[in-house]
Number of protein chains: 2
Amino acid sequence: MKKLPKPTEAELEILQVLWSRGPSSVREVNDILNKKREVGYTTTLKIMQIMADKGLAERDTSTRTHIYTPAVSEGDTQKQLLNRFLETTFKGSASKLVMQALGNHEASAEELEKIKALIKKIEGEQSK
Amino acid sequence: MKKLPKPTEAELEILQVLWSRGPSSVREVNDILNKKREVGYTTTLKIMQIMADKGLAERDTSTRTHIYTPAVSEGDTQKQLLNRFLETTFKGSASKLVMQALGNHEASAEELEKIKALIKKIEGEQSK
DNA sequence: TTGTTTTTACGAAAGCTTTCGTATAATATT
DNA sequence: AATATTATACGAAAGCTTTCGTAAAAACAA
């Protein structure tokens, strides 16, 4: 497994667009970003070019309008960032983080069910 | 409630030392940091001075060796950073984050108990 | 064809954090 | 007292990310 570079904030924002939209042009990504905040077109272009350089995205340059595709999965990226965040902010204590997260943000009943199911599964494995 | 500046990585590292040790001098903090990685003394000094400027720490300058005290609580800071992380990485879905955190890092049996208890409490509130 | 729009490419500026060299003052040592 | 050590202060350099101006190429429209 190769180690992926940690995406910056701006890169992560773009990755999220690519994850939800699939392969996209700079124009399309930039339009979406601009629904939330003002970003210059060339700014988005530049960052997407950097992402291609770093290997966070791949681009198809066969047509004039280049099409970018995410080269890292959403789940893997979340896992990577979570590990890092867990380490820096909670010194590795996942349960502390979970407690904080559940305490401050209400999850729906079904989400809580999923979490309970997961806990059960983990407990099952532990008792072996 | 006043809004605290977001601590940088280096600042967070120092805050963690201050939280665990309580009021400390630059030398003491720097020594602890150097157990993990090499940091120059003046680098640590500079960042702690910035922290005092920003209001992340307070310092007692009544003696030659200034003593720094955290001015923000560990819990509040974790909550602030967690909210931000949740937004940027999990688009606000706390349960997704919890699932990932529990899935990837084993929590001890007692930690799982605590989490289950918390879920029960939340469920109790929801059913009202 | 001629001019307008759209796109990529390039590089530099701006902004932020971290690192460090140097100066100066206070303290400790011999 | 003279020297060495330890502390703070200051500013600049280094490193990284983000932003943007400008140019060149491609596609489109009149």
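This one's a predicted model, so the numbers in the text were calculated from it and none came from an experiment. By convention in this document, chain letters (A, B, ...) are assigned in the order of the sequence lines, proteins followed by strands, and residues within each chain are numbered from 1.
Between B/Gln49 and D/dA9, a side-chain N or O to OP1/OP2 separation shorter than 4.0 Å is present. One finds a side-chain N or O of A/Tyr41 lying less than 4.0 angstrom from the OP1 or OP2 phosphate oxygen of C/dT8.
If you take CE of A/Met48 and C1' of D/dT18, they are 16 Å apart, rounded to a whole angstrom. Summarising the geometry, the separation between CG on B/Asn34 and P on C/dT19 is reported as 11 Å, rounded to the nearest angstrom. Remark: C1' of C/dC20 and CD of B/Glu38 are 12 Å apart, rounded to the nearest angstrom. Atom NZ of B/Lys46 is separated from atom C1' of C/dT19 by 10 Å (rounded to the nearest Å). Remark: P of D/dG15 and CD of B/Glu9 are 18 Å apart, rounded to the nearest angstrom. As rounded to whole Å, 9 Å separates atom C1' of D/dA9 from atom CZ of B/Arg59. One can place CZ of A/Arg37 at 9 Å from P of D/dT18, the figure rounded to the nearest angstrom. Following rounding to the nearest Å, B/Asp53 (CG) and D/dT8 (C1') show an atom-to-atom distance of 13 Å.
Here the nucleotide nearest the side chain of A/Arg27, chosen from D/dT19, C/dT19, C/dT7, is C/dT7. Of the listed nucleotides (D/dT8, C/dT17, C/dA9), C/dT17 has the atom at the smallest distance from the side chain of B/Lys54. Of the candidate nucleotides D/dA9, C/dT18, D/dT19, C/dT18 has the atom nearest to the side chain of B/Ala10. The nucleotide whose nearest atom lies closest to any side-chain atom of A/Thr65 is, among C/dA9, C/dT7, C/dT17, C/dT7. Closest to the side chain of A/Thr8, out of D/dT22, D/dT17, C/dT17, is D/dT17. Proximity note for A/Arg64 (side chain, C-beta onward) versus C/dT18, D/dA26, D/dT8: the nearest is D/dA26. For A/Thr43, taking side-chain heavy atoms from C-beta onward, the closest of the listed nucleotides C/dC20, C/dA9, D/dT18 is D/dT18.
Here the straight-line distance linking atom OG1 of A/Thr89 with atom CZ of B/Arg84 works out to 11.5 Å at 0.5 Å rounding. Interatomic distance, CD1 of A/Ile67 versus CG of A/Asp60, reported as 7.0 Å (0.5 Å rounding).
Within a 6.0 Å sphere centred on NZ of B/Lys114, other residues, nucleotides and ligands contribute 12 heavy atoms or fewer.
Where A/Lys6 and B/Leu45 each meet DNA chain D at their nearest nucleotide, the meeting point lying more 5' is that of B/Leu45.
Using a 4.5 Å heavy-atom threshold, the side chains of A/Gln49 and A/Asp53 count as separate.
When B/Thr69, B/Val29, B/Val72, B/Leu56 are each tested for a side-chain contact (heavy atoms from CB on, under 4.5 Å) with B/Leu18, only one passes: B/Val29.
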